[in-house]
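Contents: one structure, followed by commentary.
For reference, positions follow the sequence shown, starting with 1.
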Amino acid sequence: MGKIHDILQKYWGFKEFRPMQEEIIASVLEGNDTLALLPTGGGKSICFQVPAMALNGRCLVISPLIALMKDQVENLNKRGIKAAALYTGMHPMEIQRTISQTVFGDLKFLYVSPERLETDLIKANIEQMNITLIAVDEAHCISQWGYDFRPPYLRIADIRNSLPNVPIIALTATATPKVVDDIQERLLFKKKNLFQKSFERSNLTYFVIKEENKLNRLIRIAQNMKGSGVVYVRNRRKTQDIANFLNRNNISAEFYHAGLTPADRDLKQSEWIRGKKRIMVATNAFGMGIDKPDVRFVVHLDIPDNIEAYFQEAGRGGRDEKEAWAILLYENADIIDLNRNFEQTYPDIETIRHVYHALGNYYQIPIGAGTNTQHTFDLSDFCKNYNLAPIITLNAIKFLERQGILLLTDEINKPSRVFIPCSNEEFYAFQVAHKMYDKLLKLLLRSYGGLFVDFTRISETDLATRLGTDEKTLVDTLKKLEQLNVLIYDPQTNKPKIIFRQDRFDSKDLLLDPENYQFLKENAMQRLQAILSYIETSSKCRNRQLLAYFGENLVKRCGKCDVCLQRNKLHLSEYEFDEITNVIKPILKKAPRTMNELINEIDHLNDQKIITVINWLIDNNKIEVKKEDKLFWRK
């Protein structure tokens, strides 16, 4: 095992593994299928990256998010480890070159989306790639019981037919016991093999506060707490509004969402990580691959859709294992909004069919054609053309995406790129034979390195200025050079794309099983009810509530969350409180009593302590007082 410590030290600069990492890596190196369930910040990527480096051959990493793939590839390349990613929306030449590099080159990690895994190009080359480890990231996506179910994940196990002796490591940060079993079954584990770190974050204190003036409360939180923080909100506009509000109140803040350019996102992340900005106000797009250890507080100004999302986002606080706070602020209107958003998230089946039919007409795709075609998508224009509600339309598209029918890319503001696929000699011969292009081609070579190696970002504005021409003329010239096979020009776009993953079919043939649809919706509703229960339950320790959701039964209260602090004011020990509650509960469940009847019946306990506990249980909606002052235990 000394080899894996050397790898950890050489490439990651760590002398020791975090808890459970070494055991997981040992299991993988022994050839076992392995499920690693580690909470946010637990170091999941190390668990497959280190053993992959120790093995001969390559690691195939299956991940659902383009942004996450790009982030991990970039981090590996910075460490001197060769990695690449294949995802929908790449130029065909890029895809072919990456496949060739994997088969014939020295690539160590190949990241692919589950949809990309099903393409003929991957299937034709997978056995020649010398894969020695398969890593399935965000493995909860494979389970219909999970909070982010994606049908293409169900077909990942098909790869085992081509690579029967290659072990799989599945990784996730959040999974209930039912999802844990489902992951191992769906990935055809040879035997169950779970490594699970406790979900308990003893250094993280959870607070839920009902607050009508959330912005003023946010100011007080920021003023009273030292260190950096994250504030999560639901929509992009609010990120900027709240960041501006904080800055006006002399609290340094930045905003972040998926609609920003890659350069803007990188700059904002960098300033926050280096402490130049104290607070990041963001949508849930923020956090992937960001491991800032000294976040002292995470505030949610909107209610997340489920416990899993909340736990992951709150878990970005206190990764240095020092004290941190996770605070959720809500008001009654938030609960109404959450329920309304839920209904919009699940448009009815006929609406989904209508949106699919409209997309086919919008892009004039005939029935039986369209596979892998890419189309710039303007949500506003599309909805205006077909008189559709934007939110419902977007959720219908997301449902079609989860079914593997199409893809809405999250890449907007993609910069222009150029790649020269020919050899130096061929390129020079073209220059000599076509003098009218010589000036532009020389300027490209002087301005940008690596054009013969990979797709390279360019600026049309800068090139046009230096050539003394206008931007349109420059773009036309680049397109002409592409037609002449001298270079490949991938122009910029400031809009996402719709990509059809299969040929268009009649919307009547869109197979959405009503029973399965209802099953998915009911599961999502249960997760919604779980987060609402967490918010509204003020009688059980927050930490215990969260752990119970993930199947852990913590005996002791944390003693410091908002619920526990109220309990502490009773001046009763935990033992005394639980003892009295355990006596009261069965009595009132059997039949209602008045306060005096109850006290007289419990003659072996202190009267004043009984009254204190009863009053607390009334205040926290465990006991209800009805006619004739009878006490009822609430169901």
### Query
How about Phe399 and Tyr356: do any of their side-chain heavy atoms sit closer than 4.5 Å?
no

### Message
Would you say NZ of Lys521 has more than 12 non-hydrogen atoms from neighbouring residues, nucleotides or ligands within 6.0 angstrom?
### Response
yes

### Task
Please determine if Asp294 and Lys292 form a salt bridge, counting it only when a charged side-chain N lies under 4.0 Å from a carboxylate O.
yes

### Nearest heavy atoms of Ile209 and Arg217, plus distance in Å
CD1-NH1, 3.5 Å

### Query
Looking only at heavy atoms, what is the nearest atom pair of Ile24 and Ala36, with distance?
CD1-CB, 3.7 Å

### Task
For a ring pair (Phe, Tyr, Trp, His ring centres under 6.0 Å) with Trp272, tell me which candidate from Tyr256, Phe255, Phe286 qualifies.
Phe286

#### Entry: Partner of Ser143 by side chain to side chain donor-acceptor pair (under 3.5 Å), out of Thr172, Asn523, Asp182
Asp182

### Steps toward side chain to side chain donor-acceptor pair (under 3.5 Å) verdict (Tyr362, Asp381)
CA-CA 10 Å; Tyr362 186 64; Asp381 184 66; 2.5 Å; yes

### Message
Out of the candidates Leu379, Leu400, Leu394, Ile499, only one should pair with Leu408 under the side chain to side chain contact (heavy atoms under 4.5 Å, CB included) rule; please name it.
### Response
Leu394

### Task
For Asp334 and Lys214, work out which heavy atoms get closest and say how close.
OD2-NZ, 2.7 Å

### Message
Just checking Phe311 against Tyr549, ring centres under 6.0 Å apart?
### Response
no

### Task
Mind listing the closest non-hydrogen atom pair of Leu154 and Ile142 along with its distance?
CD2-O, 3.3 Å

### Task
Identify the heavy atoms of Cys541 and Cys561 that sit nearest to each other, and give their distance.
CA-SG, 4.0 Å

### Message
Counting only heavy atoms not in Gln344 (residues, nucleotides, ligands), do more than 12 fall under 6.0 Å from its CD?
### Response
yes

### Query
Just wondering, more than 12 heavy atoms not from Glu321 lying within 6.0 Å of its CD?
no

### Query
What heavy-atom pair brings Trp12 and Gln49 nearest, and what distance separates the two atoms?
CZ2-OE1, 3.3 Å

### Query
For the side chain to side chain contact (heavy atoms under 4.5 Å, CB included) test, which of Val563, Leu328, Asp562, Asn543 pairs with Tyr206?
Asn543

